[in-house]
There are 2 protein chains.
Amino acid sequence: MPKPAADRALSLQLGVDRSSPVPLYFQLAQQLESAIEKGRLAPGTLLGNEIDLAQRLGLSRPTVRQAIQSLVDKGLLVRRRGVGTQVVHSQVKRPLELSSLYDDLEAAGQRPATRVLGNTLEPATAEVAAALGVAEGDEVRRIERLRLAHGEPMAYLRNHLPAGPLAMADAELQATGLYRLMRSAGITLHSARQSVGARAADAVEGERLGEPAGAPLLTMERVTFDDTGRAVEFGSHVYRASRYSFEFQLLVRP
Amino acid sequence: MPKPAADRALSLQLGVDRSSPVPLYFQLAQQLESAIEKGRLAPGTLLGNEIDLAQRLGLSRPTVRQAIQSLVDKGLLVRRRGVGTQVVHSQVKRPLELSSLYDDLEAAGQRPATRVLGNTLEPATAEVAAALGVAEGDEVRRIERLRLAHGEPMAYLRNHLPAGPLAMADAELQATGLYRLMRSAGITLHSARQSVGARAADAVEGERLGEPAGAPLLTMERVTFDDTGRAVEFGSHVYRASRYSFEFQLLVRP
DNA sequence: GAGGTTCGATTGTCCGGACAAAGGATTGAC
DNA sequence: GTCAATCCTTTGTCCGGACAATCGAACCTC
């Protein structure tokens with residue numbers, strides 16, 4: 001019986017540019033990722049063994065492995081010893097990044113807008129001081145915003161930042177998200193602790209968000225740290241449950 | 001002025017066992033992680049350069065790098081070219097795993113219990129069929145459970161699984177979590193798509209969970225995939241917002 | 001003293017090779 | 001035919017080395 005042609009990714013027009021400053025493994029990873037995304041590498045396809053792949057590309061095996069490993073970490077590929085590397089068969093989107101609501105809405109095609117309700121310096125309450133790791137009474141910046149999509153209120157956002165050198169103009173806060181502002185101010189975000197819950201709206205919250213009192217709200221508290229481990233932001237947000245939910249994908253750590 | 005002694009991790013009693021079947025890089029990573037966890041490596045400490053570290057341990061630099069890299073991926077270390085590798089300065093816990101409520105409660109010291117309300121085979125509705133990727137009307141297993149902690153209801157869990165060979169005895173479902181059962185049945189979980197929202201309880205839900213009608217509930221829908229990309233579970237859960245919230249930590253992808 | 005320059009330290013990338021371990025397929029024994 | 005032993009393929013781990021890119025600090029110039 002003639003063996004069916006192996007389900008391999010042979011002619012994919014892969015190739016790297018050695019004069020580019022982009023690392024070789026990264027170039028390869030990008031090409032593979034794009035091939036998977038565009039369907040040129042169908043789910044379930046075997047990638048072909050690493051040694052051949054390296055030889056055909058004129059790369060060493062460690063370089064090819066590094067490229068493959070990065071896609072395994074993203075959940076796009078699966079390796080099995082003795083079998084090979086296979087394109088994962090499912091709808092992988094984004095494995096839950098630390099994203100701002102602004103960027104999320106923008107990516108979803110909603111047109112986000114921000115109404116700045118407050119932007120002041122004030123002494124830290126006990127709760128804020130504990131979250132940010134500063135002394136109670138220290139000056140912190142308090143920002144209150146209403147986030148809208150298509151003109152409809154979506155969420156009420158309250159943030160506290162350590163009163164650092166970075167000035168936050170209301171105009172900037174209206175035009176973009178807080179995270180983008182912080183990043184462009186040279187802060188490298190590293191990790192965040194989040195807590196997601198629900199509660200009923202009180203009268204004031206209902207008024208702000210256009211919901212009746214008692215309506216269910218989705219709440220999210222978050223403390224964000226930079227790579228030195230200092231807290232750089234404490235957010236306390238409420239979302240209209242009727243109009244918003246958190247969607248994300250997560251991977252199992254092997 | 002005498003320069004203060006470099007804040008280095010020198011004498012840490014690191015060492016690997018070459019006769020062990022555990023990979024060397026993994027042994028080293030474990031030792032470093034435990035040293036960080038136990039405070040023997042204080043936040044901010046420089047790890048010392050990779051070459052020396054390798055030489056002192058009798059390892060090659062790639063092996064040491066692999067160990068360090070795995071901790072960087074976990075968010076415990078930060079690397080900076082020209083500077084060194086530093087212990088991250090913050091409270092890193094768990095970067096959001098695909099965990100079951102049962103395990104979460106158990107780890108938190110709550111004593112979880114399960115009341116199995118239903119465990120039947122029935123034809124898939126359109127919604128379930130779409131989530132699991134089977135044909136409408138195909139037989140699927142429907143499991144309904146009430147999860148309790150300290151005797152109090154915490155959540156109502158409804159799951160649908162493809163009607164595979166794996167039999168689910170009520171006794172097993174009572175004693176442990178669904179994920180643990182699936183794993184021990186040889187299913188390798190790979191990724192999941194989740195959606196977290198909130199809504200008001202209706203009368204039936206309120207009754208089941210011991211909340212008044214209209215109380216805010218936290219909802220979570222999840223489709224879990226194995227490493228071949230097939231959906232292996234569709235869950236539709238509601239939690240008492242007054243007693244439960246999702247807590248997790250997430251890292252920024254560089 | 002202020003500012004730019006050079007230099008050492010450290011990680012980032014890449015190479016080529018070697019052997020071990022696991023999974024699947026083939027072969028052989030019964 | 002069924003089951004176990006064997007072989008082959010493929011990834012996993014590990015080594016040693018080389019050069020480039022980046023950061024911080026010391027140094028020098030003005």
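Just so it is clear: chains get the letters A, B, ... in the order the sequence lines come, proteins before strands, and each one is counted from 1. Model, not experiment: these values are computed from the prediction.
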_Separation of C:dC14 C1' from A:Leu28 CG (nearest whole Å)_ = 13 Å
*Rounded off to whole Å, could you give me the CD-to-C1' distance for the A:Gln66 and D:dG12 pair?*
16 Å
*Short side-chain to backbone donor-acceptor contact, A:Gln27 and A:Asp17, under 3.5 Å*: yes
*Name the closest nucleotide to the A:Ile51 side chain, picking from C:dT13, D:dT11, C:dC15.*
D:dT11
*Using a cut-off of 6.0 Å, state whether more than 12 heavy atoms not belonging to B:Glu122 lie near its atom CD.*
yes
*Nearest-Å distance for atom pair CZ/C1', residues A:Arg18 and D:dA20*: 14 Å
*For the pair made of CD in A:Gln55 and P in C:dG17, what is the distance, rounded to whole Å?*
10 Å
*Distance test, side-chain N/O of A:Arg81 to OP1/OP2 of D:dC8, below 4.0 Å*: no
*Hey, is the side chain of A:Arg65 poking within less than 4.0 Å of OP1 or OP2 on D:dG12, counting only N and O atoms?*
yes
*Establish, with yes or no, whether the OP1 or OP2 oxygen of D:dC14 is under 4.0 angstrom from a side-chain nitrogen or oxygen of B:Tyr25.*
no
*Phosphate OP1/OP2 of C:dG12 contacted by B:Arg79 side-chain N/O (<4.0 Å)*: yes
*To the nearest Å, how far apart are B:Asp52 CG and D:dG16 C1'?*
16 Å
*Could you state the CD-C1' distance from A:Gln69 to D:dG12, rounded to the nearest angstrom?*
10 Å
*Let me know the distance between CZ of A:Arg61 and P of D:dC14, rounded to the nearest Å.*
13 Å
*D:dC15 phosphate, OP1 or OP2: any side-chain N/O from B:Thr63 under 4.0 angstrom?*
yes
*For B:Ser195, does its backbone N or O pair with a side-chain atom of A:Glu247 as donor and acceptor, under 3.5 Å?*
no
*Which one, D:dT11, C:dC15, D:dC15, comes nearest to the side chain of B:Leu24?*
D:dC15
*Distance-only polar pair, side chains of B:Gln69 and B:Tyr25, donor-acceptor under 3.5 Å*: no
*Return yes when atom CD of B:Glu139 has more than 12 non-hydrogen atoms of other residues, nucleotides or ligands closer than 6.0 Å, and no otherwise.*
yes
*Hey, does the side chain of B:Ser60 come within less than 4.0 Å of D:dG17's phosphate (OP1/OP2), counting only N and O?*
no
*Mind calculating the distance between CD (B:Gln27) and C1' (D:dC14) to the nearest angstrom?*
13 Å
_Need one value for B:Pro23: base, sugar-phosphate or nothing, where a base atom within 4.0 Å counts as base even if backbone is also close, heavy atoms only._
sugar-phosphate
*More 5' along DNA chain C: A:Gly82 or A:Gly58, using each one's nearest nucleotide?*
A:Gly58
